[in-house]
Structure formats: structure tokens, C-alpha cells
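Scroll down for the structure; my scribbles are underneath it.
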Amino acid sequence: MNPNYYVVLAAILFTIGIVGFLVRRNALVLFMSVELMLNACNLLLVSFSRVHGNLDGQAASFFVMVVAAAEVVVGLSIIVMIYRARHSANVDNENLLRY
Amino acid sequence: MTTLLEIAAPTIEYRLLGPVLIVFVGACLGVLIEALVPRHLRDEGQLIVTGVSLLGALFVLWRTWGPDWRSVGAMGAVSVDGPTQAIWLLILVFALLSALLFAERRLSSGVTSFTPMAAAVPNSTLEREAAAARVEHTEVFPLLLFAVSGMLLFPAANDLLTMFVALEILSLPLYLLSGLARYRRLLSHEAALKYFLLGSLSSAIFLFGAALLYGYSGSFTFSVIDAAVATPTEHDTLLVTGMVMLMVGLLFKIGAVPFHSWTPDVYQGAPTPVTAFMAVCTKLAAIGALLRLLFVALGGSRWEWQPVVAGISVLTMLVGAVLAIVSRDIKRLLAYSSVTHAGFLLTAVVGASTMTTGLPVGQIGSAAAIVVYMAAYGFATLGAFGIVMMVRGVAGERNDLSAWQGIGRRHPWIGAAMTLFMLSFAGIPPTAGFIGKWAVFSAAWRGGYWWLVLIAVILSLVAAYFYLRVVAVMFFSEPATEVSDVHVVMPGLGTTVVIAVGAVMSVLLGILPGWIVDLAASASQLLR
């Protein structure tokens with residue numbers, strides 16, 4: 001097993017996440033892109049854990065999962081709050097704050 | 001494999017970590033109050049719990065203050081050293097003052113700055129009923145305490161995983177708090193969404209950087225990373241990429257250019273007490289974390305990060321100052337001003353010649369300089385936002401600068417206090433801001449970055465222009481007729497205390513800077 005493949009896969013997933021965050025316009029999809037990035041981090045942590053032969057990375061990935069779950073709670077509540085007020089979750093409509 | 005599965009029970013230095021633990025327990029008690037205490041008692045209950053836990057944390061910090069106590073605790077996960085304790089002291093004091101702003105009721109005739117019901121659609125019947133029934137979200141106090149506990153952990157984190165978790169603990173309550181404004185709720189929603197999306201993006205980038213450094217060194221602990229940095233391998237790409245991504249995550253929280261774009265929007269949209277809290281405590285925690293990461297873990301590769309941070313520092317000062325000049329809203333102006341201050345703070349981070357204090361003992365090193373600067377900046381910022389809360393129209397605060405015309409003439413004391421804060425921001429002697437600027441510039445100068453100090457001095461003159469413009473608007477322009485609904489409301493005791501403490505400290509630290517400089521210098525040794 002060559003760990004490089006996993007590292008490259010993690011980097012690709014992370015890049016897809018960033019590109020998704022930058023080009024998509026729905027707040028939910030943006031949020032999913034961030035979750036994809038977090039999961040790419042998890043993959044990277046676990047594969048490095050295998051490379052180094054210690055469990056730090058695997059333990060860390062559990063922390064990341066918990067944090068991601070907490071982030072979902074906060075994030076979805078904010079997005080739902082905005083959807084109820086505007087009937088849209090399009091981030092382009094969020095343009096009141098400028099100058 | 002059996003050896004891997006043996007898990008030793010961790011030892012935790014409860015007394016040393018007392019401040020963090022007490023604030024966290026206080027936050028949990030606050031949640032219990034929400035669940036168990038009848039509604040009409042919650043407000044007082046939350047205030048008592050918040051005050052007692054912050055004061056208790058300060059008390060424990062005072063009892064454990066000093067070099068004898070300072071050590072790396074919690075199995076190497078948390079480093080309670082001089083800079084940590086000094087930053088804890090400032091965060092706890094500023095959080096206490098912020099809590100007073102949170103509790104302000106007199107300004108909007110008996111209600112807080114927070115929405116009666118966050119789940120209700122703005123202008124709906126539900127919201128009006130909730131407002132009429134004087135329902136309130138007293139949850140803001142536990143949220144404040146949770147954020148404070150994350151902020152206390154953040155600059156003390158001694159490994160990347162603890163740092164990431166602390167980053168999230170401090171961020172998540174702030175995302176919610178910024179969406180809770182009573183007036184202009186759509187702006188507040190938008191601020192919360194922007195802060196949340198960009199914040200979670202930046203923490204994902206931070207995490208990827210942490211994973212890369214773990215791949216490079218095989219550990220999350222800063223001292224192990226430091227040892228790995230000292231022995232070059234062929235995997236330097238991992239180190240440099242990881243370092244850059246970690247810095248992106250932290251510089252976002254500090255609000256440095258080019259990661260500043262959320263700052264003005266979130267500061268403007270969030271309720272003003274929350275803005276004040278964020279502007280001071282988040283920046284303080286994040287600059288402490290950046291200092292520890294760069295000095296303790298990545299001190300060996302400082303030749304790589306010093307020029308980068310120097311460049312970012314120049315950009316931050318420049319962009320913040322220029323955008324502040326063109327802004328027409330006092331909260332936006334203060335937001336850009338906080339961006340500029342982030343740039344000045346970064347000059348101290350750059351000027352690092354030794355990696356324990358930034359400079360030999362007895363001189364004002366980077367860690368001590370940051371503490372002095374943040375003390376000056378924090379008191380002035382809290383006071384200034386306290387005054388921002390007092391200038392009101394028919395629906396909440398009036399933040400546009402046109403509403404501020406002539407306020408200094410009609411209310412000389414308010415004008416004088418705001419002028420004092422502006423002078424302190426601008427760094428004009430004999431205010432506290434001057435001492436702060438002197439501290440960070442001398443740290444950068446002794447680190448060999450004289451050109452950076454030169455640029456910073458020139459840019460602080462540019463920044464002085466927009467601070468003085470606020471003073472000019474308050475004293476030298478006549479109020480326009482169409483803003484006649486503007487009035488300055490006299491605040492309750494809490495906000496008065498915040499403004500008074502801010503004003504007194506802005507003068508005191510400027511006239512008698514010796515004790516804060518001594519205090520910071522006695523607490524400037526970063527432990528590894």
C-alpha cells in the first residue's frame with residue numbers, strides 16, 4: 001500500500017471542496033463543500049497515522065467528526081433562519097452589507 | 001498492537017487550568033439555568049453565573065500567577081506559561097466588561113440588544129408577540145461563556161488538535177451570537193451566514209494544514225514538530241504547505257488582509273455588544289495562538305515565515321487604513337480600524353530574534369509587546385463600542401457617520417470620551433495606544449525589521465487621519481436636519497462602567513505605563 005495515493009486523493013477531495021465553495025451559490029451546497037473538506041482532512045489524518053504507525057491521527061479524526069457535527073448544528077440553524085426570512089438560501093441574495 | 005491499545009488515565013492540573021475549567025463549568029450551569037429556572041428569574045441568574053464564573057476564573061488566575069506555577073499541563077496538551085497567563089488575564093477582564101455591555105437594558109427602554117426570538121421571521125406576528133411579551137434570549141450569556149472558554153484554551157493550546165478544537169469552541173458561539181441583533185435583523189442574519197461560511201472554510205483550511213504538519217512530523221505536539229523542523233528531511237513541501245494553511249486559518253481569525261473581508265460585514269451586522277466582544281477577545285486569543293504556533297512549533301523555520309508575515313502585516317495596515325478612510329458607518333470604520341490594528345500586532349510577531357520571548361529577558365519581546373498593545377486596544381475598543389450603542393434613532397442604533405454630526409457639542413462628555421478612544425487608537429501620546437505602538441514597534445525594531453517599523457509609523461499617520469475625522473464629525477460639523485431623530489441615550493450602570501473603565505485605562509496606561517510593561521515583561525517566556 002502506497003500512502004501517497006491516499007494523500008493525493010485527500011488533496012483532490014479538498015480541492016473539490018474549495019472549488020465547490022467558490023463556484024456554487026446555495027448556502028447548503030457551500031456548507032456541504034466545507035464538510036467535504038473536513039472529510040478530506042480526516043482521510044489525510046488517517047493515512048498519515050498509518051504512515052507513522054501511531055494512533056494520533058486516527059484519534060484526531062474522531063475529534064474532527066465531533067467538531068463537524070457541532071458545526072452542522074450551528075450552520076444549519078443559521079441557514080434555516082435565513083431561509084425562513086427570505087425563502088432562499090442563495091448567497092448572492094445576501095448583499096445588504098456593503099460599504 | 002496490544003501496547004497501542006493501553007490507554008493511561010490522563011493527569012490534569014486542575015488548579016493551573018482552573019480559569020478555563022471554571023468558565024466552562026459556568027457556561028454549562030448557564031445552560032442548566034435555561035432548562036430549569038423559570039423565565040422571569042433567568043436574566044438575573046445568568047448574570048450572576050456569568051459574573052461569578054469570570055471573577056472566579058480571575059481569582060484562580062491570581063492565585064496561580066507567577067513563574068513557579070507555569071508549566072505544560074494536561075499531558076502536554078495545554079501550555080500555561082507567561083504569555084498564556086497574561087492573555088488570560090486580559091481576556092477575562094475584557095469578557096467581564098463585554099458581559100456588562102451584553103446586559104445593557106436602559107438604552108432601548110428596558111430590553112437588551114438581542115432579538116426576543118431568534119427563530120421568528122423578522123417583522124412577523126410571532127416576533128411582535130414575543131417582543132410584546134418581553135421574551136428574551138438569555139442564552140447569550142452561556143454562549144458568551146462558551147466562547148470565552150474557547151478563547152482561553154486557544155492561546156494555551158500546545159498541540160494542533162487542541163488548537164483546532166479551541167478554534168471551534170470559540171467560533172461556534174460567535175456565529176450564533178452575531179445573528180441575534182434586535183434591530184436590522186436581516187443584516188444580522190447576513191452577518192451570521194457570512195461569518196459562519198467563511199469561518200468554517202478557514203477552519204477546514206487550518207485543519208488540512210494541521211494534518212499536513214502531522215504527516216511531516218508524526219505528532220501534533222508543538223515540541224515534536226519543532227524537533228522535526230530542526231532536522232531537515234526531503235518532505236519540506238509538507239512543512240511549508242502545512243505552515244501556510246495553518247497561518248491562513250489563524251490570520252482569518254485575527255482579521256489580517258487578505259483574509260479580512262468578513263470583518264466589516266460581520267462587525268456591522270452583529271449586535272454591538274457582540275461586535276465589541278469579538279473585536280477584542282477573538283483577536284487577542286488568535287494572536288496568542290499565532291504567536292505560540294509560529295514561535296514554539298515553527299521557530300526553526302522562521303526564515304520562511306518572517307518575510308510572509310511581514311508582507312501580510314504591511315498589507316493589513318495599508319488596506320485597513322485606506323478602507324477605513326472611505327467608510328461611512330461607525331461600526332465599519334471601527335472594523336477596518338481593527339484590521340489596521342491586526343497589522344500593527346503582526347509587526348511584533350515578525351520581530352522575533354529568540355524563540356522563547358521574541359527577545360532576551362528584560363527587553364520588550366514579541367509576546368510582551370502584544371500583551372501591552374492588546375491591553376491598550378481592548379480598553380479603547382470596548383469603550384468606543386459602548387458609546388456606539390448610545391447613539392440611537394427610532395429603530396435601534398444609528399451607525400452612519402452623518403448621525404454622529406455635532407454629538408460632541410451637545411454632549412461634551414460623550415464627545416470627550418470618544419475623542420480619547422480615537423486618540424488612543426491613533427497612538428497619540430500620552431494615551432495608552434502610544435505605549436502599545438511603542439511596544440510592538442520596538443519589538444520589531446530589535447528583531448531587525450527597521451523597514452517594517454518605518455512603514456508602520458507612516459501608516460499609523462494615515463490611520464490617525466480617519467480617527468481624527470470621527471473627532472471632527474463630532475465636534476466641528478452641524479447636524480443635518482433629516483437626522484433629527486438621532487438622540488444620545490444615557491446608558492445603564494453597566495455600559496457607563498465600561499466606558500469609564502475604558503477611558504480611565506486609556507489615560508492611565510498612557511501616563512503610567514510602567515506596571516503593564518513590567519507585568520507583560522514578567523510573563524513573556526513561552527514554554528516548549
Side-chain angles (χ1 to χ4, degrees), chain A residues 3 7 10-11 14 17-18 21-22 27 30-31 33-49 51-57 59-61 63-64 66-68 70-75 77-87 89 91 93-99, chain B residues 4-5 118-124 159-162 164-165 167-169 171-173 175-176 178-179 184-187 189-197 199-201 203-212 214-221 238 264-266 268-269 326-329 332:
Chain A
V7 174
F14 191 80
I18 288 197
F21 190 90
L22 295 178
L30 258 64
F31 187 41
S33 304
V34 171
E35 293 296 313
L36 183 64
M37 290 163 72
L38 289 180
N39 282 320
C41 297
N42 272 344
L43 180 59
L44 195 63
L45 286 169
V46 172
S47 33
F48 279 138
S49 183
V51 173
H52 291 295
N54 60 28
L55 287 179
D56 292 11
S61 71
F63 279 85
V64 176
V66 172
V67 164
E71 215 171 61
V72 167
V73 174
V74 171
S77 67
I78 290 174
I79 293 173
V80 167
M81 183 172 77
I82 282 177
Y83 185 82
R84 285 166 54 118
R86 304 194 181 207
H87 301 290
V91 287
N93 295 343
E94 299 292 320
N95 54 10
L96 295 172
L97 286 165
R98 49 173 79 176
Y99 307 118
Chain B
L4 282 176
L5 294 173
V121 176
N123 283 326
S124 64
D159 66 50
L160 290 172
L161 189 57
T162 313
F164 173 70
V165 173
L167 175 71
E168 292 293 333
I169 297 176
S171 303
L172 294 178
Y175 300 150
L176 290 175
S178 28
R184 280 166 292 192
R185 286 190 57 206
L186 289 182
L187 293 189
H189 285 177
E190 182 175 333
L193 183 74
K194 282 180 172 171
Y195 195 20
F196 167 71
L197 286 176
S200 53
L201 177 74
S203 45
I205 293 175
F206 178 90
L207 184 65
F208 202 80
L212 286 176
Y214 170 64
Y216 175 77
S217 63
S219 171
F220 290 104
T221 311
L238 283 182
D265 288 355
V266 174
Q268 188 188 350
V326 297
S327 57
R328 299 257 169 277
D329 182 292
R332 269 188 113 73

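Numbers restart at 1 for each chain; the letters A, B, ... are given by sequence-line order, proteins then strands.
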For A:Ile78, which atoms come within 4.5 Å of any heavy atom of chain B: side chain, backbone, both, or neither? side chain
Max heavy-atom pairs within cutoff under 4.5 Å with chain B, candidates A:Asn95, A:Val66, A:Ile18, A:Val80, goes to A:Asn95
Tell me the closest heavy-atom pair linking A:Leu38 and B:Leu207, and the distance in Å. CD2-CD2, 3.7 Å
Can you tell me which portion of B:Leu187 sits under 4.5 Å from chain A's heavy atoms? Options are side chain, backbone, both or neither. both
What distance do B:Leu238 atom CG and A:Phe48 atom CZ have between them, rounded to the nearest 0.5 Å? 5.0 Å
With chain B as the partner, which of A:Ala59, A:Ala85, A:Ser77 has the greatest number of non-hydrogen pairs under 4.5 Å? A:Ala85
Shortest non-hydrogen pair, B:Val121 vs A:Arg84, comes out as CG2-O, 3.7 Å
Would you compute the distance between atom CZ of B:Phe220 and atom CG of A:Leu45 and round it to the nearest 0.5 angstrom? 5.0 Å
A:Ala70 portion near chain B, given a 4.5 angstrom heavy-atom threshold: both
Which pair of heavy atoms, one from A:Met81 and one from B:Gly179, lies closest together, and at what distance? CE-O, 4.1 Å
Distance-minimising heavy-atom pair for B:Ala211 and A:Leu44: CB-CD2, 3.5 Å
Side chain, backbone, both or neither: which part of A:Asn93 has an atom under 4.5 Å from a heavy atom of chain B? neither
Only pairs of heavy atoms separated by less than 4.5 Å count here; which of A:Phe21, A:Phe63, A:Phe31 has the most with chain B? A:Phe21
Using every non-hydrogen atom in the two residues, find where A:Met37 and B:Leu201 come nearest and quote the distance to one decimal. CE-CD1, 3.5 Å
Check whether A:Ser49 gets within reach of chain B through its side chain, its backbone, both or neither, counting any heavy atom under 4.5 Å. both
B:Tyr214 (side chain) donor-acceptor with A:Gly57 (main chain) under 3.5 angstrom: yes
Between B:Leu193 and A:Ala27, the two heavy atoms sitting closest are CD1-CB, 4.3 Å
Output for pair (A:His52 NE2, B:Ser219 OG), nearest 0.5 Å, gives 9.0 Å
Interatomic distance, A:Asp56 atom CG to B:Thr221 atom OG1 [nearest 0.5 angstrom]: 7.0 Å
